[in-house]
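Here's the structure, in structure tokens; my notes come after.
Letters A, B, ... mirror the listed sequences (proteins, then strands); counts begin at 1.
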There are 2 protein chains.
Amino acid sequence: MQPKDIAKDTANIVQNYLTYKAVMLVIDQLAETNPGEAIWLRKYSSGGKLRDAEAYLEEIMSEPRGKELALRIMTVRDSIAEQTLEFLPEMVTSGIKQDNLTLRRILLERLTRSQSEISSDLSSLD
Amino acid sequence: MQPKDIAKDTANIVQNYLTYKAVMLVIDQLAETNPGEAIWLRKYSSGGKLRDAEAYLEEIMSEPRGKELALRIMTVRDSIAEQTLEFLPEMVTSGIKQDNLTLRRILLERLTRSQSEISSDLSSLD
């Protein structure tokens, strides 16, 4: 597994996730302006269809009411991507560093506790 | 749903995914050096445990053989993050633009085809 492959797989995961978020946003917007369409889109997008975003979009375009929705979802995901991706590397890097630190602290506490338990067990043997 | 929330959720997804990749890498490395440990880690990490990376790491640290593995996984995910995240925004942006283009082309072809089918249906009526 090369870093390049990992980056490619991760990019794919992110693209799928942003498409999922775009669909949720479009459903939210439609709920205000066209509730019937919102219900249809919510129902259509259920059952794990969004796990493969490109297949989902190609499929929804074959529905009579799906063409316009597909174009809207594509525009929204493009705009979400522009607004969020820039901050992503920094957010993930600091998230990992912070969580690694927390986990190391927990581990150290556990080791110290078990050390002191061993000592107290030993001293109770005296 | 604000862009900031979407960025945060996406960062979380990426952190989980990089942790998953780190576990897979450590399993691959162990398969060469310590096959028994590789089998144990593979088994331990199955069943959707890796969906919440931080809970997984905290849990594995409570296993006698898990402390060292947890530290190793944390180091590996840190290093994968450093090697891949920088390229991620550009990769996702161009992936979305490219796929949007392809989908718009497919849609246009379908619309053109149905238009020409309508025309030929109409002319066969003459």
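Here the shortest heavy-atom pairing between Q83(A) and P3(B) reads OE1-CG, 3.0 Å. Nearest heavy atoms, A11(B) versus M91(A): CB-CB, 3.9 Å. Heavy-atom minimum distance, S62(B) versus R110(A): N-NH1, 3.4 Å.
When the candidates D99(A), L88(A), V14(A), I106(A) are compared by the number of heavy-atom contacts under 4.5 Å with chain B, D99(A) comes out ahead. With chain A as the partner, the residue from R104(B), M74(B), E82(B) showing the most heavy-atom pairs under 4.5 Å is M74(B). When each of I80(B), N12(B), D78(B) is checked for heavy-atom pairs under 4.5 Å with chain A, D78(B) comes out on top.
Of the atoms belonging to L111(B), it is side-chain heavy atoms, and not backbone ones, that fall under 4.5 Å from chain A. Neither the backbone nor the side chain of F87(A) comes within less than 4.5 Å of any heavy atom in chain B. Both the backbone and the side chain of I96(B) come within contact range of chain A, each with at least one heavy atom under 4.5 Å from a heavy atom of that chain. For a residue to count as touching a neighbouring chain, one of its non-hydrogen atoms must lie under 4.5 Å from one of that chain's; by this rule L57(A) touches chain B with backbone and side chain alike. No part of I73(A) comes within reach of chain B, as not one of its non-hydrogen atoms sits under 4.5 angstrom from that chain. The parts of L103(B) that come within reach of chain A are both its backbone and its side chain, each placing non-hydrogen atoms under 4.5 angstrom from that chain.
The CD1 atom of I13(B) lies 8.0 Å from the NZ atom of K21(A); values are rounded to the nearest 0.5 Å. Separating the CD atom in E90(A) from the CG atom in L85(B) is a distance of 10.0 Å, to the nearest 0.5 Å. Between I6(A) atom CD1 and M24(B) atom CE the span is 11.5 Å, to the nearest 0.5 Å. Taking OH of Y17(B) as the reference point, atom OG1 of T10(A) lies at 5.5 Å (rounded to 0.5 Å). Atom CG of L107(A) sits about 6.5 Å away from atom NZ of K67(B), to the nearest 0.5 Å.
Within 6.0 Å of CZ on R72(A) lie more than 12 heavy atoms contributed by other residues, nucleotides or ligands. The environment of OH in Y56(A) is crowded: more than 12 heavy-atom neighbours from other residues, nucleotides or ligands sit within 6.0 Å. For NZ of K4(B), the number of neighbouring non-hydrogen atoms (other residues, nucleotides, ligands) closer than 6.0 Å is 12 at most. Other residues, nucleotides and ligands contribute only 12 or fewer heavy atoms inside 6.0 Å of the NZ atom of K8(A). Within 6.0 Å of CD in E68(B) there are 12 or fewer heavy atoms belonging to other residues, nucleotides or ligands.
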>> Does N100(B) form a side chain to side chain contact (heavy atoms under 4.5 Å, CB included) with T75(A)? I'd like the steps, not just the answer.
In response: CA-CA 8 Å; N100(B) 277 1; T75(A) 308; over 6 Å; no
> Between T102(B) and E58(A), is a side chain to side chain contact (heavy atoms under 4.5 Å, CB included) present by the stated rule, with each step listed?
Replying inline: CA-CA 10 Å; T102(B) 308; E58(A) 198 176 333; over 6 Å; no
